[in-house]
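So the structure is just underneath, and the comments pick up after that.
Source: prediction; values computed, not measured.
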Amino acid sequence: KRERPVHSQTTWVNARTLYRTIVGNDSSIGAIDQVNVDADVPNGFSVPVEAKQSPPKGQGIFALSDIPAGSFIWSTKKTALFRTGQSYRQFIYGLEEGLACDVLQW
């Protein structure tokens, strides 16, 4: 069984740029960046994390430090929202080769 790659931050930035190109700046991600609320946050996590392989299960997201019980760790502020099936298909077809399967598993 071949391991799926752990994509770089640049890959996800490129996917976000494609998303904004298709959906526009009034998108769920673009609107946040327009008003500079959490504009410097690259994803929805409120704690430092890294993506890596976790044999034998595959890819995983791991905290880089202990997280106290009750801590807020995730926000939907950076969640993509597609208002039409056509815009979603355009996004999926525009992704780098091999990335669509990972996006579909989000």
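Considering CD of Glu96 and CG of Asn14, their distance stands at 5.5 Å, rounded to 0.5 Å. Rounding to the nearest 0.5 angstrom, the gap separating the OG1 atom in Thr21 from the CZ atom in Arg16 is 12.5 Å. Atom CD of Gln53 and atom CZ of Phe62 lie 9.0 Å apart (nearest 0.5 Å).
Following chains of ILVMFWY side-chain contacts shorter than 4.5 Å, one cannot reach Leu99 starting from Val13, and the two form parts of different hydrophobic clusters.
Counting heavy atoms from C-beta outward, Leu64 and Val49 have side chains that stay 4.5 Å or more apart. Counting only heavy atoms from C-beta outward, the side chains of Tyr19 and Leu81 approach each other to under 4.5 Å. The shortest distance between side-chain heavy atoms of Phe45 and Ile61 falls below 4.5 Å. Put simply, the side chain of Ser87 reaches to within 4.5 Å of the side chain of Ile22, judged on heavy atoms.
No more than 12 heavy-atom neighbours from other residues, nucleotides or ligands sit within 6.0 angstrom of OH on Tyr93.
By the 30° and 60° cut-offs, the orientation of the rings of Tyr88 relative to Phe82 is perpendicular.
The backbone N or O of Ile67 sits nowhere less than 3.5 Å from a side-chain atom of Ser71 that would complete a donor-acceptor pair.
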